[in-house]
There are 2 protein chains.
Amino acid sequence: MLSGLAHAELIAVLVAVTDDEPRVMTVRAGNALPSGPFESRHRSLQSGLRAWIESQTGHPVGYLEQLYTFADRGRDPKVGDDIRHISIGYLGLVHEQPAPGAGRPEWHGWYEYFPWEDHRERRPDMLDEIVARLTAWAKGDPLRRQRIDYVFGCNGMAWNEDLTLQRHELMYEAGLAESAARPAKALFGRTMAGDHRRILATGIARLRAKIKYHPVVFEVMPESFTLLQLQRTVEALSGLRLHKSNFRRQIDQQELVEETGAVSAATGGRPAKLFRYRPAILEAQALSGTRLPVSRH
Amino acid sequence: MLSGLAHAELIAVLVAVTDDEPRVMTVRAGNALPSGPFESRHRSLQSGLRAWIESQTGHPVGYLEQLYTFADRGRDPKVGDDIRHISIGYLGLVHEQPAPGAGRPEWHGWYEYFPWEDHRERRPDMLDEIVARLTAWAKGDPLRRQRIDYVFGCNGMAWNEDLTLQRHELMYEAGLAESAARPAKALFGRTMAGDHRRILATGIARLRAKIKYHPVVFEVMPESFTLLQLQRTVEALSGLRLHKSNFRRQIDQQELVEETGAVSAATGGRPAKLFRYRPAILEAQALSGTRLPVSRH
DNA sequence: CTCCTTGTACTCAACTTGAGCATATAGGGA
DNA sequence: TCCCTATATGCTCAAGTTGAGTACAAGGAG
């Protein structure tokens, strides 16, 4: 018994936003997240993953953050049947892809996997079905009922976009997601191999929370952009519609952007000023309590 | 070469608050955090650690959260010299200890290790010395200068209690903390073995950030408490003095506590009502943007 | 009884946020 | 040409939140 020995694997949730759609890099035709063994030649977890990602995508990774470490009882014929399998998940952000889906890396919209998470147009109808099934599963247990209400925003509670992971876990418990017994069968959304969809949910949740108090959006933006493009990107990631003028007020109060001087005529109406990110003050202003200016409509 | 194989170890930052002092469980006379190998008999990381902690401290762990996974090139004669060493850090909160320091587990005040982090009485004088040495190290580099100002709250910037980890890392870079070459020598505060002090800094930072938007304080409180006791506990953890009436307003707006009906006469003046935590609504209200009502004085 | 100490309830100005309206500037078509 | 539509951008205002302080209550010690 090799006590304390385990297989270590790095697994990445790599996110880009193209055409107002958040996309995640996948392998195996969208059925798995990219991953690889953590090799001893790597200096550190971070640098190992960074090198590997850049070789795979050809894009520099602007932002890389550890997400979570998952452990599962894996099987490895080389070492023995009962060795632990440890996956260290990372969230990486890359700038807009010029040609999404071109080349080997496959980018899939993340709402393929979590269609109920996109509330930009309207609250997805699918949610009624999900909540109905969860309610049946809860069987009147008041604690479960309360959890459903909170996590899915029912019975007077507001939808909280940050709870992506909790929603997935609740659905998993209730048998609405893929299971070990039926790995490819889920009632809602597209599945992934193993626990990859769960890791993706972790990444989405982390990014949605972070975007509110840290200027990470700019890590997926091109060099220069209009304020509406910026807003659309935040909306894509959070799955919400935002209030336009309040969003703008927030952005320029934080002094995170500056005008480039150029304008974009590509928007149809009055040309919009182009802005660029101004990392100078960096984190100074950023940490003030920044809630999203959600539009109620 | 065993590609992908690694030693996995669990390491815990276990926190309790006694006598208005945050304490952390240590081993080896306060020189290390408790840790142990992750064994394959454990169902999961979380449950393995939970069982282990409860056997060590005799106290149930109310709250357990993964902190971070650290990787270092370790040495293990059993397997070979170049196997990876992975430490998975956890933050755990336990309720007030009846007799701190009694028995095997040793609880040490966390400000022994980070004396400059306690701003309850006054800004520690030590900070002037630290900043002076950092300034010398920065040698006029404006980026370093800006980072020092931000992280330590100099030159018009406010002290941000959440930046414990960044402060430790900056001091480490500048050679003011222990190093691999001189593991026990630090210019400020008490050291720990290996990177344990850094892991403790990670735990402090996480807890200080979390306390603002999630009702985790109650995990270190006794069953019933007065509002001032609650305030003193938050102050102990955050290292700040809070504004009394605003703190109270915040607490009862969140409706997280209810009166027990009893009063405590132990406080010297007018007896204070006792309260208990009311987890009923649990997380519902909690997630609203909760900043600490810092007292400027 | 008086002072001292702690607890509890209000008040009020400054600031922030949610929501909507008004105006500016482009292209396209009658 | 001139209006219409579409987007961009600026401004206002009420409602809510926060920072700071004051007034009053209720015990114990001397």
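To find a chain, count down the sequence lines: A is the first, B the second, and so on, and within it residues start at 1. Only heavy atoms go into these numbers, but all of them, side chains included; no hydrogens, no water, no symmetry mates.
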side-chain contact (heavy atoms from CB on, under 4.5 Å) with [X]: which residues, sequence neighbours excluded?
X      : value
B:R232 : B:D20, B:L228, B:E235, B:R241
B:A272 : B:T226
B:S245 : B:H243
A:R270 : none

request  = Give every residue pair that meets the salt bridge (Lys or Arg N to Asp or Glu O under 4.0 Å) criterion with at least one member in residues 147-156 of chain B, sequence neighbours excluded.
outcome  = B:R145-B:D149, B:R147-B:E173
ask   = If you find the nucleotide of DNA chain C closest to B:Q229 and the one closest to A:R249, which residue's nucleotide is nearer the 5' end?
value = B:Q229
query = What string of B, S and - do you get for nucleotides 3-10 of chain D, 5' to 3', if B is base contact, S is sugar-phosphate-only contact and - is no contact with any protein heavy atom under 4.0 Å?
reply = ---BBBBB
Whole angstrom value for the distance that separates [atom2] of [N] from [atom1] of [X]:
X      : N      : atom1 : atom2 : answer
A:Q250 : C:dT17 : CD    : P     : 7 Å
A:Q253 : C:dC15 : CD    : P     : 12 Å
B:H243 : D:dT22 : NE2   : P     : 10 Å
A:N246 : C:dG20 : CG    : C1'   : 9 Å

key: A:E161 and A:S238: side chain donor to acceptor below 3.5 Å   = no
